[in-house]
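Below: the structure, in structure tokens.
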Amino acid sequence: MAFQQPLPKSVPPAMSRYNFKETEQKWQSHWSEHKCFEVNIDPAKEKYYVLEMFPYPSGRIHMGHVRNYALGDLVARYKKAQGFNVLHPMGWDAFGLPAENAAIENNVHPAKWTRENIATMRGQLKSMGLSYDWSREIATCEPAYYAHEQKMFLDFLQNDLVYRKESWVNWDPVENTVLANEQVIDGRGWRSGAEVEKRQLSQWFLKITAFAEELLQDIAELERWPDKVRLMQENWIGRSEGAHIRFQVSDRSDQLEVYTTRPDTIFGASFCAVAANHPISQELARTNAELALFISECNRMGTSEAAIETAEKKGFDTGLTCKHPFVEGLELPLYVANFVLMDYGSGAIFGCPAHDQRDLDFARKYDLPVIAVVAPKGAEADSILIENTATTGDGVLINSDFLDGLDVKTAKTRVIDVFEERNIGKRAINFRLRDWGVSRQRYWGCPIPVVHCGDCGIVPVPEEQLPVVLPEDVDLSVVGNPLDRHPSWKHVDCPACGKAALRETDTFDTFFESSWYFARFADPANADKGFSPESADYWLPVDQYIGGIEHAVLHLLYSRFFTRALKQCGYLSLKEPFAGLMTQGMVCHATFRDERGNWLLPDDVIIDDNGSSRTSAGTIVTIGRSEKMSKSKKNVVDPEFIIGSYGADTARLFMLSDSPPDRDLDWTDSGVEGAWRYLNRLWRMISEPSVALAVLDTARPEAMDGHVFDVYRTVHKTISGLTEDLDRFHFNKAVARIRELSNTLETLQPEQAGADWVMRFGLETLICLIAPMTPHIAEEAWQRLGHDSILANTPWPKADQALVLDDMQTIGVQVNGKLRGTIELPVDCPRDIAEQQALELPNVISAMDGKPARKVIVVPNRIVNVVI
RNA sequence: GCCCAGGUGGCGGAAUUGGUAGACGCGCAGGCUUCAGGUGCCUGUGGCCGCAAGGUCGUGGAAGUUCGAGUCUUCUCCUGGGCACCA
């Protein structure tokens, strides 16, 4: 998609094409010099905090960033025009795994790699003309940032929000390192290819579960969040009500505690099962090699819910049995089963095959009894036959002793009451949510500020010794954790007793940094603390947060938790960090493959006029469906190239015009061309208007041609409609309205009375309305129209409501629900007049075919429907 | 397996509460401008029938509610997304 911009010297300046390169640079410098977007606390003004999810500095910006920041900038500039004191900052989520990978692959230090990437990407973002307050820029890998989160961690520790426990990790025995799930491919390390082991390590956890109920309840308050995200958070937290029940294990002194959400099905129990990592399994495995083998098999299986749910249900009969709590003499065999999760509930279940599909699959495989205890409503108790589908719906209890005849809900309550009376179980609420493991055995992250002392145990690093700075003189060419291998860094004196001790060599999960960065932006230069209470009180919460749906759960939930934890530690006075959330869809592009099936870059593909495609070398190209832009499929378009060839305004306009923000967007060359052509058209309308413009600041003329007045009304309607579109995030509709207004303005004729004035008014309004989307061309046009003010500081246009509402309107007339014509009626026209006019329409008369109207439905200002 | 979202012209998408389906753009066709290509401008553009007026079908599929359904209900098919160490 080569594009040259011809600028022939012979053409006079007014006729020249819009010069985006010069213009975009000019206004970017201008805004920067005039500190247009730098803001301070101003109690007299209402604040508005717009935040886009800050990027990981991976090297170069991609189209997803362009979309995200075009959306955010539109909101920020629009709110500024509406008079808000707008905080719109940008920074870098700068710790993370890719820096370490790059270090190993390219022999470059993660710090250097990261800082260079930031410099590149900052330049790219600046070329987009985004209204950031760059004076607030932060990078989370700098001690000036992470020092404060080390302090926060220590405060969490003091407030009992942190603890240590053993937890399982993916261990790569060749690289001597812990792997992320995504680094485990088919059970092997992605780089080493070694078979991954499960290992238990002692790790730091944050008590997010302490807030589980609150985090769940408060979702209801997040009114300006997408329902989809709220639902995902709800499901993630996964509150369930049920019971813990203790089963006596035969021939042993201990009891097995199970968690169940279906205590009502207790009389249908036919086995018990524990997780592979359950203490009982572990204990038995020590003397049972076969069981140990089964457990290691379970450990090799993926830990994801999807993997567990879809895997074949397998179990190992321990030979032990559990006594049924109610049925004297009934012994339930105890299995170790691969579908029981140690992390959920108590890591043990009782199986009721008739009413749980997993249990049924298991029972069929091991030939266990299947006893129906719930009869669906209306079904005959003795006609129930469970084959291969468990019934999980409501019904009436059968075969269940004292529960017989009760519905499921009542039976649950009753049976738990009995458990509690007999002291063998109790009511329990369980959450799927687990505590947040924040330890990472990685180098490029924030050091966890504690010291391990042989005598004193775990000792927090004293506040005056913070920050614990990540050493930069590390060797990444050797396997294992560089912090652990560093010759001196971890060796310190115990802060408590002064004896030789060791630093914690784990670093924080990078979600730690992103859980509070929004607050740091309120007070980014504060050296004493993360942010002052005053700055937080003024700027927080974020009024509009914008980012990818991929963060719908973890990042957003961690931030919500972090905010509560900070509140508990006295940092903040609010619970919810993000009052409004908008999640954007992905940027997609068609995919191309050559004859051998190799992916091709869009740049390597030539589409001929007849629609056929080939490579530049002439070989055949297959065009595949549009998919999310990704390096692996090569269906990427480099934003820098687009900005260089068409300008930032074109790229931004296209990002906003073709799809609503929350849906996926197809990047197409023709769409970009369309945006580019429109900007040139707009430029022509300004520089060579079809109707000479009235002089700046002249009063509205009293005499106006009828058509001119209609156009004038359209301008007001556009202001009103577009403002509403922006408030509802219907940005693609807003762009459509801009184009409609352009079309309408071009219908003005020079000889019509008032046309010169309405043309100026219309163009100035158009420029103001498009400014948040394409700010550079708008500023230039504003200047060209004779203004010496900065458009970015200019108030948003106001519509005259009297002109927005029409006094006449077109109403559809139907006969038996089919449209047969339209009538022009005054607004709020009486029913009988509407009916009369409708019945007089020739088309209506012919459609009625001489039959009388049985009924005429008149919906005022909407429709008339004649029923015959 | 479970949960969620979405299916509207050749394409991206419009259509506040059920009330004129297809705004706006892309593409395409014809014309004008131009030495020519591109740009620009004008006109047309859901399918089918028709010279036209107009008719008829039409929002993944099937059924239902309603004077009236893209919109509500039920079933169904397809596509995409999420399901705990990428960020």
Side-chain angles (χ1 to χ4, degrees), chain A residues 4 6 17 53 55-56 58 93 95-98 101 167 169-170 178-184 203 226-228 231-232 234-236 238 303-311 339 343 357-358 361 432-434 436-442 509-511 514 548-555 585-586 611 625-628 654 657-660 662-666 668-671 673-675 677-678 680-681 684 724 728 730 732-733 735-740 743 746 810-822 843 846-847 854-857 859 861-868:
Chain A
Q4 284 96 39
R17 263 187 150 174
M53 290 179 182
Y56 178 77
S58 55
D93 190 12
F95 275 137
L97 200 50
N101 295 332
S167 137
V169 295
N170 301 311
V178 174
L179 298 179
N181 280 345
E182 67 153 18
Q183 294 172 318
V184 181
Q203 314 217 57
D227 289 342
K228 180 184 183 175
L231 187 70
M232 282 168 85
E234 250 174 67
N235 291 341
W236 191 265
T303 52
S304 75
E305 200 174 308
I308 288 164
E309 296 267 357
T310 48
F339 63 94
D343 292 317
Q357 192 59 46
R358 292 165 303 185
D361 294 345
R432 181 178 168 274
L433 183 71
R434 305 203 293 259
W436 174 17
V438 294
S439 297
R440 295 291 181 272
Q441 295 70 37
R442 307 251 164 79
D509 176 7
T510 58
F511 276 122
S514 57
I549 186 74
E550 64 272 25
H551 292 294
V553 177
L554 293 185
H555 161 60
M586 300 180 295
R625 39 164 289 219
S626 185
E627 293 186 63
K628 179 185 179 175
F654 173 66
S657 56
D658 257 29
S659 285
D662 57 334
R663 261 203 250 178
D664 289 352
L665 174 104
D666 260 319
T668 59
D669 291 354
S670 54
E673 293 276 356
R677 279 206 301 268
Y678 175 73
N680 278 290
R681 178 177 168 212
R684 276 193 306 278
E724 206 179 302
R728 295 164 166 233
H730 293 181
N732 54 332
K733 273 178 72 185
V735 173
R737 274 188 216 270
I738 293 266
R739 301 182 104 125
E740 274 179 307
N743 295 343
E746 297 215 310
T810 311
I811 300 293
V813 179
Q814 301 174 331
V815 176
N816 281 352
K818 280 192 179 180
L819 187 73
R820 296 297 170 179
T822 57
N843 271 351
S846 69
R854 279 202 291 132
K855 192 155 105 181
V856 180
I857 290 152
V859 183
N861 305 325
R862 289 258 182 227
I863 205 151
V864 178
N865 188 12
V866 181
V867 185
I868 57 170

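Lettering follows sequence order; numbering is per chain, from 1.
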For a 4.5 angstrom cut-off between non-hydrogen side-chain atoms, does A:Gln441 reach A:Gln203?
yes
Under 4.0 Å between any heavy atoms, over every strand shown, what does [X] touch: base, sugar-phosphate, or nothing? Just pick one.
{"X": "A:Glu234", "answer": "nothing"}
{"X": "A:Arg434", "answer": "base"}
{"X": "A:Val169", "answer": "base"}
{"X": "A:Phe511", "answer": "base"}

Integer angstrom distance from the [atom1] of [N] to that of [M]:
{"N": "B:G18", "M": "B:U65", "atom1": "C1'", "answer": "11 Å"}
{"N": "B:U71", "M": "B:G60", "atom1": "C1'", "answer": "16 Å"}
{"N": "B:C72", "M": "B:A23", "atom1": "C1'", "answer": "25 Å"}
{"N": "B:G47", "M": "B:C11", "atom1": "P", "answer": "12 Å"}

What nucleotide, of [options], holds the atom closest to the side chain of [X]?
{"X": "A:Glu740", "options": "B:C67, B:A23, B:A84", "answer": "B:A23"}
{"X": "A:Arg677", "options": "B:C26, B:A23, B:A87", "answer": "B:C26"}
{"X": "A:Trp236", "options": "B:C67, B:G27, B:C83", "answer": "B:C83"}
{"X": "A:Arg432", "options": "B:C83, B:A14, B:G27", "answer": "B:C83"}

Is there a donor and acceptor pair, one atom on the side chain of A:Gln814 and one on the base of B:U20, closer than 3.5 Å?
no
Return one dot-bracket line describing RNA chain B 5' to 3' (Watson-Crick or G-U wobble pairs, both distances under 3.5 Å; ( ) same strand, [ ] crossing, | another strand, . none).
(((((((..(((......[....)))((((((.......))))))((((....))))..(((((..]....))))))))))))....
Are any of [X]'s side-chain N or O atoms less than 4.0 Å away from OP1 or OP2 of [N]?
{"X": "A:Asn743", "N": "B:G25", "answer": "yes"}
{"X": "A:Ser659", "N": "B:G13", "answer": "yes"}
{"X": "A:Lys818", "N": "B:U20", "answer": "no"}

Is B:G80 in the syn range, within 90° of 0, or in the anti range?
anti
Using nucleotides 2-8 of chain B, report all nitrogen or oxygen pairs with the protein that are shorter than 3.5 Å.
| from | atom 1 | to | atom 2 | distance (Å) |
| --- | --- | --- | --- | --- |
| B:C3 | O2' | A:Asn235 | ND2 | 2.9 |

